[in-house]
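Structure record follows, encoded as structure tokens.
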Amino acid sequence: MGKYYITTAIDYVNAKPHIGHAYEKVIADVLARWNRLNGNEVFYLTGTDENAQKNAQAAKEQGDDIQRFVDRNVRYFIELCKKLNLSNDYFIRTTEEKHIKISQNIFEKVLNKGDIYKGTYEGLYCQGCEAFITEKELVDGKCPEHNKEPKYVKEENYFFKMSKYEKEMLKLLEKPGFVFPDYRRKEMYNRVKEEGLKDLCVSRKGTDWGIELPNDKDYSIYVWFDALINYVSALDYPNGKLFKKFWPADVHLIGKGINWFHSVIWPTMLMSAEIKIPKQIVVHGYLTVDGQKISKSLGNVIDPVELVEKYGADTLRYVLIRDIPFGEDGDFSEKALIERINSELANGLGNLVSRSLGMTEKYFDEKIPKGVNLIKFDLSKFEEHFEKLELHSALSEIWRYINECNKFIDEKKPWVLAKENSKELSDVIYSALDSIRIISILVNPFIPETSEKINDKLGVKLGNYKDTKINLLKSGIKTNKGDNLFNRVE
Ligand code: ME8
């Protein structure tokens with residue numbers, strides 16, 4: 001049995017969560033559950049990035065006390081985890097005492113190593129990114145990510161000698177592996193190669209929000225420096241049991257806009273602090289809504305919690321994964337969601353389960369008949385897709401299997417076999433039920449609640465991935481058809 005530590009980005013709490021946040025958390029949950037299914041010991045971390053100036057700014061704009069504002073918004077993110085049925089093992093808040101202490105410890109470690117010095121910062125700062133930004137990165141004088149003009153700042157500040165780690169960084173990014181998809185690695189490699197690594201400003205002066213510098217009360221730690229540390233503070237670095245067991249992380253899952261922070265800044269911080277670097281940074285694309293960038297001013301910010309309340313967690317989880325090839329940008333629309341519910345969830349999977357259990361009820365007195373599974377399906381493609389993080393293709397493989405099963409029933413016509421008193425009937429029904437059992441395992445990482453419901457109907461327990469072999473379903477168990485898994489939406 002191996003270990004698997006997966007993290008998501010921690011979200012800013014200047015507003016409620018949006019569908020992009022939900023998307024990332026669902027992908028991480030699919031990977032966490034897939035690893036548990038394969039017998040690994042998993043730690044799945046998510047949480048909130050609370051020390052940012054933009055959080056403080058948003059509170060002030062709403063005339064609220066910062067702490068109260070942040071506490072209130074964090075609740076929406078915790079609620080989202082529950083609503084989406086995420087299996088996270090911890091939810092870190094960067095205003096937690098332990099995180100504050102550990103961030104200060106690491107800052108001090110880097111300082112004592114001689115990797116932090118005082119200097120003057122003069123330049124542009126984008127509050128949306130919470131990052132210093134160069135003229136070169138601007139488009140029409142604005143930050144392209146946030147479409148806002150950056151602020152000019154001139155401050156005496158503390159700097160981290162990131163430049164010292166340039167060679168080591170190039171070596172890390174030189175070959176495929178550290179960043180996935182590989183074109184995201186190349187982007188980072190080329191940027192370091194072309195621009196070189198400059199020292200990084202790691203403090204902000206005179207702010208009334210944020211973690212105090214351990215060596216200077218007039219400053220707070222630059223929010224990205226503390227935010228990245230969440231991945232080790234959550235595990236109680238340096239002596240915690242969790243840290244010893246789970247670090248280095250197997251996957252930091254993040255969106256494409258924050259790749260530089262994770263694939264370049266974070267490793268250099270770790271190199272300086274003499275902590276092992278994570279195994280892989282996995283970068284997903286951005287969601288648009290009805291073809292447009294998610295933005296408050298466009299008024300297209302969809303509340304993922306409302307979607308779950310309307311359609312159910314599994315439906316939203318399914319659609320988010322099914323519609324978007326991993327790594328690419330993708331679009332979310334309620335119309336596309338409804339189409340998928342009707343065709344793939346209600347008709348495809350829902351129909352297979354309800355007709356198979358209905359016939360078990362009718363012909364076998366609600367008991368699983370003796371038989372052999374005649375439906376052959378090769379899972380190697382499914383596994384391959386999963387390993388390559390082609391999650392949308394892994395799902396379409398499962399649906400290929402579901403369609404095979406439905407076709408098998410259509411062709412065998414159990415209702416005719418029943419009339420003819422044919423011996424084949426029990427094999428046909430057994431085939432459908434045993435296949436449904438296997439499908440309940442396959443879909444488990446994606447739509448866990450549905451997976452459980454199928455198991456309840458069959459009267460079995462989920463089992464591990466290795467139980468996806470055929471003919472493991474025991475006969476004689478009492479089944480329970482119950483309600484439809486999904487209802488059609490008109
Ligand atoms: O960046 N589609 O927080 P955040 C998909 N606090 N993903 C999106 C997205 C979209 N439209 N918009 C944003 C931060 N994301 C920092 C992270 S980690 C130590 C600190 C992704 O709330 C984004 O790329 O702005 C990031 O991975 C996550 O959502 C949180 O974004």
Side-chain angles (χ1 to χ4, degrees), residues 7 9 103 105-126 129-138 143-145 150 153 155-204 213 215 221-232 237 247-249 251-252 254-283:
T7 68
S103 298
N105 282 351
I106 292 180
F107 192 95
E108 207 148 35
K109 213 170 161 193
V110 176
L111 181 77
N112 291 341
K113 198 169 175 179
D115 280 355
I116 285 178
Y117 63 92
K118 214 169 181 180
T120 303
Y121 185 84
E122 185 176 358
L124 301 170
Y125 192 82
C126 169
C129 299
E130 290 288 1
F132 293 102
I133 180 167
T134 58
E135 291 277 354
K136 220 178 98 182
E137 290 169 79
L138 304 182
C143 156
E145 179 92 8
V153 272
E155 264 175 21
E156 229 199 346
N157 261 316
Y158 288 88
F159 287 80
F160 166 51
K161 282 188 193 164
M162 196 153 79
S163 56
K164 186 171 153 187
Y165 299 96
E166 184 175 316
K167 259 201 198 130
E168 257 177 279
M169 262 328 296
L170 282 171
K171 214 171 138 211
L172 180 64
L173 292 170
E174 201 172 54
K175 291 190 297 286
F178 183 58
V179 187
F180 180 89
D182 197 50
Y183 60 89
R184 297 280 178 213
R185 173 192 64 85
K186 287 188 185 135
E187 282 171 10
M188 295 299 110
Y189 178 80
N190 292 339
R191 184 165 160 194
V192 179
K193 190 94 188 152
E194 280 162 26
E195 297 173 13
L197 270 191
K198 296 185 192 71
D199 291 348
L200 179 75
C201 183
V202 287
S203 65
R204 292 306 310 276
L213 242 63
N215 59 321
I221 299 181
Y222 168 48
V223 66
W224 268 102
F225 195 93
D226 100 66
L228 289 160
I229 289 172
N230 92 85
Y231 302 131
V232 295
Y237 166 84
W247 193 258
V251 168
H252 288 319
I254 54 155
K256 62 178 185 178
I258 57 174
N259 192 9
W260 178 256
F261 297 92
H262 284 81
S263 297
V264 179
I265 297 180
W266 178 226
T268 61
M269 284 168 61
L270 293 168
M271 286 168 190
S272 175
E274 295 171 23
I275 304 171
K276 281 190 188 149
I277 57 168
K279 292 188 193 155
Q280 196 171 49
I281 312 297
V282 174
V283 187

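The figures here come from the full heavy-atom set of this structure, side chains too, leaving out hydrogens, waters and symmetry mates. Computed from a prediction, not measured in an experiment: that's the story for all the values here.
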Side chains of Cys126 and Phe132 in contact at under 4.5 Å (non-hydrogen atoms): no
Any side-chain donor near an acceptor of the partner, Tyr121 and Glu156, under 3.5 Å: no
Fit a plane to each ring of Phe225 and Phe107, take the angle between them on a 0 to 90° scale, and name the class: parallel (under 30°), tilted (30 to 60°) or perpendicular (over 60°). perpendicular
With sequence neighbours excluded, what pairs up with Leu111 under the side chain to side chain contact (heavy atoms under 4.5 Å, CB included) test? Ile116, Asn215
Less than 4.5 Å apart, any side-chain heavy atom of Arg204 and any of Glu155? yes
Single hit among Asp115, Ile229, Ile275 for side-chain contact (heavy atoms from CB on, under 4.5 Å) with Met269: Ile229
Distance-only donor-acceptor check, side chains Thr134 and Glu137, under 3.5 Å: yes
For the side chain of Thr7 and the backbone of Tyr231, is there at least one donor-acceptor N/O pair under 3.5 Å apart? no
Can you tell if the side chain of Phe178 reaches within under 4.5 Å of the side chain of Leu173, non-hydrogen atoms only? yes
Going by atom types only, do Tyr222 and Asn157 share a side-chain donor-acceptor pair under 3.5 Å? no
Please tell me whether Asn105 and Tyr237 have a donor and an acceptor in their side chains that are separated by less than 3.5 angstrom. no
Any salt bridge between Arg184 and Glu187, counting N to O under 4.0 Å? yes
For Phe261, give me all partners under ring pair (Phe, Tyr, Trp, His ring centres under 6.0 Å), at least two apart in sequence or on another chain. Trp224
Flag if over 12 foreign heavy atoms under 6.0 Å of NZ, Lys276: no
Which residues satisfy the ring pair (Phe, Tyr, Trp, His ring centres under 6.0 Å) test with Phe160, sequence neighbours excluded? none
Just checking Glu135: does its CD atom have more than 12 heavy atoms from other residues, nucleotides or ligands closer to it than 6.0 angstrom? no
Does the distance from a Lys or Arg side-chain N to an Asp or Glu carboxylate O, for Lys113 and Glu274, drop under 4.0 Å? yes
